[in-house]
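Working notes, beginning with the structure itself.
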Amino acid sequence: MSFNPNELILEKIRAVEEYDLTTNELVGRYTQIESPSLKTAATGTAVTDAMGAEITTFYNAQTGTFDFTNSLFSLDLAASQFGATKETADGNNKIIKPVSETLTIGADHTVTLKYVPTGTVKYVKVINENNEFGKTYELSATAGEGKFTIDEKVITLPEEATGRVFVRYDAETGNAVKITKTSDSIPEMRSLLVHAIFHDPCNTNMVYAGVISIPRAQIDPSAVEISLTSDGKHAASYKLQKSYCDENAKLFDIIVSDDAE
C-alpha cells in the first residue's frame with residue numbers, strides 16, 4: 001500500500017532555510033521558530049446579472065505570505081531583512097568599530113586604552129566624584145593646561161586630572177561581524193525550505209518528515225521591528241511570488257515523506 005496520509009499532527013517547524021535564488025547557496029538558517037504561518041490570498045472578480053445578482057466569482061492574482069518569529073535575534077535574518085550582506089572580519093579584512101571606555105587615571109596621570117585608536121582621539125572627558133561629566137581635555141602634541149597627549153594606546157593627562165575619564169574612539173578588529181542598513185537597500189528574492197516534523201495521529205511514535213518548498217519569496221521590508229530586549233523576539237514576513245514570465249508557476253510545494261530526517 002502506498003504512503004498516502006491525510007490528517008497529521010504537526011509537531012513543529014524545526015528550521016527555515018533561505019537560499020540565494022541564482023547560486024542556490026545557503027544564506028540563512030533559522031532554528032528557533034515560533035508562530036509560523038503560511039497564508040494564501042486571491043483577488044475575486046464577481047460576475048453579476050442585469051439585476052445585480054452574483055452568478056459566479058473568478059479568482060486570480062493569487063499570492064501568499066509566510067510569517068514566523070525567531071525566538072533569538074538572528075544576524076543572518078537581519079541582514080536579509082535589511083537587504084544587506086553580513087560582513088565577517090578576519091586578519092586581512094578588519095572591521096572598524098566604535099569604542100567607549102571609562103578608565104581610572106593612574107598615579108602617573110595616564111590611562112591605557114584597550115585598542116590602538118584608528119584616526120584621532122580629539123577629546124576626553126573627566127568623570128567627577130558625583131559621577132557626572134566634568135572638564136573636557138583636548139588632544140595636543142605637547143602637554144599643557146587642558147590638553148592631553150597620546151602615544152599608541154597610552155593617554156597622558158595633566159597633573160590636575162584625577163578620578164576617571166571617558167574616551168570615545170574607533171578601533172580595528174579582526175573578530176567581528178557587521179550589517180549595514182542603507183536607505184536604498186531592498187531585500188533580494190530568495191528561495192525557502194521550511195522543514196517540519198509530523199506525527200501519525202493514530203500512532204504518535206510514527207514520525208514523518210515534511211518540507212515546504214517555496215521557490216520565490218521576498219522579505220517584506222515595510223515594517224521590520226527588532227526588539228532590543230533580552231526576551232524580545234525576531235519576526236519576519238515573506239511575500240511569496242510566482243515568476244512573472246511563468247503563467248502557471250507555483251507558489252509552494254508541501255511534501256511529506258514516511259521517514260524522519
Worked check of side chain to side chain contact (heavy atoms under 4.5 Å, CB included) between Ile33 and Val16:
CA-CA 8 Å; Ile33 307 301; Val16 176; 3.8 Å; yes

Apply the test side chain to side chain contact (heavy atoms under 4.5 Å, CB included) to residues Phe66 and Leu192: give CA-CA distance (whole Å), side-chain angles for both, the deciding distance (0.1 Å), then the verdict.
CA-CA 10 Å; Phe66 173 61; Leu192 302 178; 4.0 Å; yes

Should the heavy atoms of other residues, nucleotides or ligands under 6.0 Å from CG of Asp90 be counted, would the total exceed 12?
yes

Quick one about Asn128 and Arg164 (side-chain donor to acceptor, distance below 3.5 Å, no hydrogens or angles considered), yes or no?
no

Could you grab the distance from atom OH of Tyr30 to atom OG of Ser80, nearest 0.5 Å is fine?
5.0 Å

Report yes if the side chains of Glu11 and Ile9 come closer than 4.5 Å at any heavy-atom pair, otherwise no.
no

Drop me the distance from Lys178's NZ to Glu87's CD, to the nearest 0.5 angstrom.
4.5 Å

Looking at Glu152, I want to see if its CD is surrounded by more than 12 non-hydrogen atoms of other residues, nucleotides or ligands under 6.0 Å.
no

Is the closest side-chain heavy-atom distance between Leu139 and Thr120 below 4.5 Å?
yes

The single option from Asp220, Thr65, Asp67 passing side chain to side chain donor-acceptor pair (under 3.5 Å) against Ser237
Asp67

Straight-line distance of Arg14 CZ to Ile197 CD1, nearest 0.5 Å:
6.0 Å

Applying ring pair (Phe, Tyr, Trp, His ring centres under 6.0 Å), can you list everything that pairs with Phe133, at least two apart in sequence or on another chain?
Phe166

Tell me which pairs pass salt bridge (charged side-chain N to carboxylate O under 4.0 Å, His left out) where either residue lies in residues 96-122, with sequence neighbours left out.
none

Return the CD to OG distance between Glu17 and Ser191, rounded to the nearest 0.5 Å.
9.5 Å

Partner residues of Arg216 under the salt bridge (Lys or Arg N to Asp or Glu O under 4.0 Å) criterion, sequence neighbours left out:
none

May I ask you to check whether Glu34 and His234 show a side-chain donor-acceptor distance below 3.5 Å?
no

Are Ile214 and Leu251 linked, directly or through other ILVMFWY residues, by side chains that come within less than 4.5 angstrom of each other?
yes

Taking every heavy atom of Tyr238 against every heavy atom of Phe68, the minimum-distance pair comes out as CE1-CE2, 3.6 Å

Test ring-ring contact (aromatic ring centres under 6.0 Å, His included) on Tyr208 and Phe3; report intermediate values, then the result.
CA-CA 11 Å; Tyr208 304 140; Phe3 178 69; 5.0 Å; yes

Under the side chain to side chain contact (heavy atoms under 4.5 Å, CB included) criterion, do Asn205 and His199 qualify, and how do the steps go?
CA-CA 7 Å; Asn205 290 328; His199 292 261; over 6 Å; no

Is the number of heavy atoms from other residues, nucleotides or ligands within 6.0 Å of NZ (Lys181) greater than 12?
yes

So which of Thr136, Thr102, Val167 actually passes side chain to side chain contact (heavy atoms under 4.5 Å, CB included) with Lys125?
Thr136

Any luck finding a side-chain donor-acceptor pair between Tyr137 and Glu160 under 3.5 Å?
yes

Distance (rounded to the nearest 0.5 Å) between Leu26 CG and Leu193 CG
9.5 Å

Are Val99 and Leu103 linked, directly or through intermediate hydrophobic residues, by side-chain heavy-atom contacts shorter than 4.5 Å (ILVMFWY only)?
yes

